[in-house]
Amino acid sequence: MTEERSLNFLEEIIEQDLQSGKHQQIVTRFPPEPNGYLHIGHASSICLNFGLTQRYPGYTNLRFDDTNPTTEETEYVDSIKQDVRWLGFEWKHERYASDYFDTLFNYACKLIDRGLAYVDDLTPEEIAAQKGTPTQPGVDSPYRSRTIEENRDLFLRMKAGEFPDGARTLRAKIDMTHLNMLMRDPILYRIKHAHHHRTGDKWCIYPMYDFAHGQSDSIENITHSICTLEFVPHRELYDWLIKKLEIYPSHQYEFARRNINYTVTSKRKLLQLVQEGHVNGWDDPRMSTISGLRRRGYTPESIREFCSRIGVAKRENLVDVGLLEFCVREHLNKIALRRMVVADPLLITLTNHSGEVEWLNSENNPESETAGNRQIPFSNQLFVERSDFMEVPPKKFFRLAPGQMVRLKSAYIIRCEEVIKDDRGEVIELKCTYFPESKSGSDTSGLSVKGTLHWVSRAQAVPVELRLYDRLFSVEDPTDSEADFKSFLNPESLQVVKSAYAEPALAEATLTDRFQFLRQGYFVLDKDSTPEKLVFNKTVGLKDAWAKEVKKG
RNA sequence: UGACCCAUGGUGUAACGGUAGCACUACAGAUUUUGGUUCUGUCUGUUAAGGUUCGAAUCCUUAUGGGUCAACCA
């Protein structure tokens with residue numbers, strides 16, 4: 001049962017805390033802001049936070065950081081919950097920072113009473129101007145020395161709605177010359193007369209991230225508050241507030257967010273792609289969102305495996321999307337039902353076949369003995385893949401060519417006897433003969449062929465739509481240059497095959513089935529399917545050694 | 001001209017002062033009724049310079065490189 005995998009730096013910290021008796025159990029939280037859909041980067045954080053409390057005693061909360069009513073919506077709350085569950089995790093408590101607005105307000109009053117916070121009348125521009133720069137100290141606001149009574153009165157009136165948006169803020173009184181910009185009297189509360197998705201119109205002042213996140217952690221007795229590296233400078237303020245408020249001392253730990261090449265993982269950028277119509281919604285199968293990956297056919301198992309393999313550390317990184325693809329292939333290879341679909345059909349007529357339909361047996365999955373078999377029809381007119389024929393084949397082309405033999409998967413060996421072309425010289429049909437004694441499973445022909453092709457019987461073929469995807473961006477890191485990341489969108493990221501031919505068994509496909517279309521890739525039924533027209537999304541292609549060979553020349 | 005974080009093959013991640021390992025990728029081969037899978041093998045790495053030590057990827061110093069910080073966003 002014991003894993004051999006070595007500990008990451010957070011597991012090391014936790015094991016020390018447990019051994020030293022600092023904690024008997026650990027409490028973590030996954031804290032999304034409900035202003036967008038979760039993406040693969042969040043999956044990493046989810047697996048980390050929930051994985052830690054599966055491994056060690058304790059539990060994980062789901063907490064929505066909903067302190068900015070102008071960007072947050074219930075739609076996002078619902079999608080986030082669905083995605084976390086789909087990934088296979090269940091939270092102990094569902095919480096919202098907005099649950100704590102009353103407590104937070106009281107905390108703010110406490111700081112005022114202790115002379116540690118003040119109401120400032122400066123405009124955003126003025127505050128920015130007196131804040132200084134990373135290399136220059138800031139200067140005190142003229143309102144910094146208001147009396148406690150005055151601050152209290154003003155803050156209450158802010159809450160009462162007496163002032164318009166942006167008129168005043170509540171700021172912590174720390175040090176305007178601090179080397180850490182975040183310690184230069186950070187804003188704690190701002191006025192926003194906005195409707196909140198949970199508290200409605202009860203509040204017109206809302207706490208800032210720094211005055212909500214750490215306090216919420218503390219209220220929930222979070223022992224290990226795990227976030228990404230860009231919050232490192234916030235830790236000093238996180239600790240300062242907890243100390244001055246004398247509340248439960250949660251601790252913040254930071255790890256490097258995972259970046260993946262040929263995509264973007266930024267809610268802001270993903271939102272742009274959706275709003276500007278570069279993709280068809282948050283769950284477009286090309287998106288790096290959890291919902292997009294789900295629709296694309298990725299499994300929760302494969303995403304969890306990916307997160308486990310890329311690990312947790314503190315250095316900048318750009319993970320190869322090839323690893324994600326490896327993980328999904330690895331899983332799908334074990335569970336996907338094998339089916340035959342011809343995307344670009346070339347007609348084959350067997351000149352020595354009667355035309356009577358014969359039902360042949362084929363395994364659903366050679367990797368799984370329990371997957372069983374299915375029947376596929378065989379007759380004298382078949383479709384094979386156009387790319388599996390070449391009139392003038394190169395060396396080592398183990399497929400169809402004039403005079404050349406191949407096996408049809410789970411069926412018979414055939415030989416190409418004649419090539420039929422239309423007026424334009426386009427190949428439209430192959431006349432072939434088959435060897436009746438070469439039937440799969442009872443082959444007495446003595447023939448041996450190097451290539452095996454997928455095929456479908458023309459008469460029973462079911463027309464289906466195939467959606468083939470390529471990477472959304474044509475460069476590894478679309479955010480790396482000055483240029484707009486959208487200028488690197490791959491124009492060929494979606495290719496639709498309107499009418500491919502599928503074997504009849506596929507007519508019964510359901511949304512939860514996973515398929516491997518032989519020699520092509522893994523596919524999943526799309527929600528756009530209708531009884532008349534099935535639509536399949538390509539999850540990922542099979543490795544293609546021949547394509548590599550061709551490329552080499 | 002500041003503070004903070006970081007630095008191991010192409011990529012990701014281990015080695016906790018004692019043989020630089022694992023995975024992905026790439027390449028070569030075997031098997032194969034999927035040019036898939038599986039199996040075998042090969043290539044490639046400690047940013048640099050000093051110091052401490054019998055011994056340094058690991059500890060110290062400096063340099064170099066990358067990242068973060070000046071939203072009433074989170």
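None of the values given here were measured: they were computed from a predicted structure. In what follows, chains carry the letters A, B, and so on, assigned in the order in which the sequence lines appear, proteins first and then strands, with residues in each chain numbered from 1.
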Ignoring hydrogens and angles, answer whether the base of rG36(B) and the side-chain atoms of R329(A) contain a donor-acceptor pair closer than 3.5 Å. no
Stacking between rA74(B) and Y209(A), yes or no? Criterion: centroid separation under 5.5 angstrom, plane angle under 30 degrees. no
Just checking F398(A): base, sugar-phosphate only, or nothing, at a heavy-atom cut-off of under 4.0 Å? base
Residues E330(A) and K334(A) bridged, charged N to O under 4.0 Å: no
Whole-Å distance separating the CZ atom of F9(A) from the C1' atom of rU13(B): 13 Å
Round to a whole Å and report the spacing from CH2 of W203(A) to P of rC72(B). 21 Å
rU34(B) base to R519(A) side chain: any donor-acceptor pair below 3.5 Å? no
Nucleotide of rU25(B), rG36(B), rG12(B) approaching I310(A) most closely (side-chain heavy atoms): rG12(B)
Out of rA74(B), rG36(B), rC24(B), which has the shortest distance to the side chain of N333(A)? rG36(B)
From CG of L323(A) over to P of rU25(B), roughly how many Å is that when rounded to an integer? 8 Å
If you go through the side-chain atoms of S440(A), does one of them form a donor-acceptor pair with the base of rU33(B) closer than 3.5 Å? yes
Any strand: nucleotide that pairs with rU53(B) via Watson-Crick or wobble, under 3.5 Å: none
Heavy atoms of V342(A) and F383(A) approach each other most closely as CG2-O, 3.6 Å
Would you mind classifying the nucleic acid contact of M340(A) as base, sugar-phosphate or nothing, using non-hydrogen atoms under 4.0 angstrom? nothing
For P31(A), report the nucleic acid contact type (base, sugar-phosphate, nothing); a contact means any heavy atom under 4.0 Å. nothing
If I take atom CZ in residue F64(A) and atom P in nucleotide rA74(B), what distance separates them, rounded to the nearest angstrom? 16 Å
A side-chain contact here means heavy atoms from C-beta on lying under 4.5 Å apart; do Y522(A) and F517(A) qualify? no
Does rU42(B) pair with anything, Watson-Crick or G-U wobble, both distances under 3.5 Å, and if so, with which nucleotide? rA26(B)
Under 4.0 Å: is that the gap between some side-chain N or O of R257(A) and OP1 or OP2 of rG67(B)? no
Winner on side-chain proximity to A545(A), out of rG35(B), rG2(B), rC24(B), is rG35(B)
The side chain of S6(A) lies closest to which of these nucleotides: rC6(B), rA14(B), rG67(B)? rA14(B)
Need one value for L122(A): base, sugar-phosphate or nothing, where a base atom within 4.0 Å counts as base even if backbone is also close, heavy atoms only. base
Starting from P on rG12(B), measure out to CG on L318(A) and report it in whole angstrom. 7 Å
So V449(A), base contact, sugar-phosphate only, or nothing? Heavy-atom distance under 4.0 Å. nothing
What does T70(A) touch in the nucleic acid at a heavy-atom separation under 4.0 angstrom: a base, only the sugar-phosphate, or nothing? nothing
Closest of rC73(B), rC72(B), rG35(B) to the F397(A) side chain is rG35(B)
May I ask you to say what K192(A) touches in the nucleic acid, namely base, sugar-phosphate or nothing, with a heavy-atom cut-off under 4.0 Å? sugar-phosphate
To the nearest Å, how far apart are F306(A) CZ and rU13(B) C1'? 13 Å
Does a side-chain N or O from K548(A) land closer than 4.0 Å to OP1 or OP2 of rC27(B), or not? yes
Reckon T133(A) has a side-chain N or O less than 4.0 Å from the OP1 or OP2 of rC69(B)? no
Nearest of rA70(B), rU8(B), rG35(B) to any side-chain atom of K396(A)? rG35(B)
Would you say the side chain of E316(A) and the base of rG65(B) hold a donor-acceptor pair, judged only by whether the two atoms sit under 3.5 Å apart? no
Rounded interatomic separation in angstrom, taking CZ from F255(A) and P from rU13(B): 12 Å
Once you apply the 3.5 Å cut-off to both distances, tell me the Watson-Crick or G-U wobble partner of rU62(B), or none. rA48(B)
Indicate, with a heavy-atom threshold strictly under 4.0 Å, whether N180(A) touches base, sugar-phosphate, or nothing. nothing
Is rG9(B) paired to anything, Watson-Crick or G-U wobble with both distances less than 3.5 Å, and if yes, which nucleotide? none
Name the nucleic acid region contacted by F231(A), choosing base, sugar-phosphate or nothing; use a 4.0 angstrom heavy-atom cut-off, strictly under. base
Hey, are R519(A) and E385(A) close enough for a salt bridge, meaning a charged N less than 4.0 Å from a carboxylate O? no
Report the nucleotide, chosen from rU25(B), rA74(B), rG2(B), that has the shortest atom-to-atom distance to any side-chain atom of P134(A). rG2(B)
Side-chain contact check for R258(A): nearest option of rC73(B), rU13(B), rG2(B) is rU13(B)
Any base atoms under 4.0 Å from K552(A), or only sugar-phosphate, or nothing? Heavy atoms, all strands. sugar-phosphate
RNA chain B: 5'-proximal contact among L518(A) and K543(A) (nearest heavy atom): L518(A)
E33(A) has a side chain; which of rA7(B), rC73(B), rC72(B) sits nearest to it? rC73(B)
Sugar-phosphate, base or nothing in reach of G441(A), heavy atoms under 4.0 Å: base
Apply the side chain to side chain contact (heavy atoms under 4.5 Å, CB included) test between T169(A) and each candidate in D185(A), I127(A), I191(A); give the one that qualifies. I127(A)
Toward the 5' end of RNA chain B, which comes first, N8(A) or D66(A), by nearest nucleotide? N8(A)
According to a strict under-4.0 Å criterion, is R235(A) in side-chain N/O contact with OP1 or OP2 of rC69(B)? no
Check every strand shown and say whether Q516(A) touches a base, only sugar-phosphate, or nothing at a heavy-atom separation below 4.0 Å. base
Is the cationic atom of R146(A) (NZ for Lys, CZ for Arg) positioned less than 6.0 Å from the six-membered ring centroid of Y118(A) and within 45 degrees of its normal? no
For the residue pair F473(A) and F485(A), categorise the inter-ring angle as parallel (less than 30°), tilted (30 to 60°) or perpendicular (more than 60°). tilted
Closest nucleotide among rA74(B), rC5(B), rU13(B) to the R315(A) side chain: rU13(B)
Could you check, using the six-membered ring where one of them is a Trp, whether Y206(A) and Y189(A) have ring centers closer than 6.0 angstrom? no
Using purine N1 to pyrimidine N3 plus N6-O4 or O6-N4 for Watson-Crick, or N1-O2 and O6-N3 for G-U wobble, each under 3.5 Å, what pairs with rU19(B)? none
Quick one: are the ring centres of F523(A) and F515(A) less than 6.0 Å apart? no
Describe the nucleic acid contact of T123(A) in one word from base, sugar-phosphate, nothing, applying a heavy-atom distance below 4.0 Å. base
What is the distance, to the nearest angstrom, from the CZ atom on R184(A) to the C1' atom on rA70(B)? 7 Å
Which base, if any, makes a Watson-Crick or G-U wobble pair with rC72(B), both distances under 3.5 Å? none
By the 4.0 Å heavy-atom rule, please label I413(A) as base, sugar-phosphate, or nothing. nothing
Would you mind checking if K409(A) and E363(A) are paired as a salt bridge, meaning a charged N to carboxylate O distance below 4.0 Å? yes
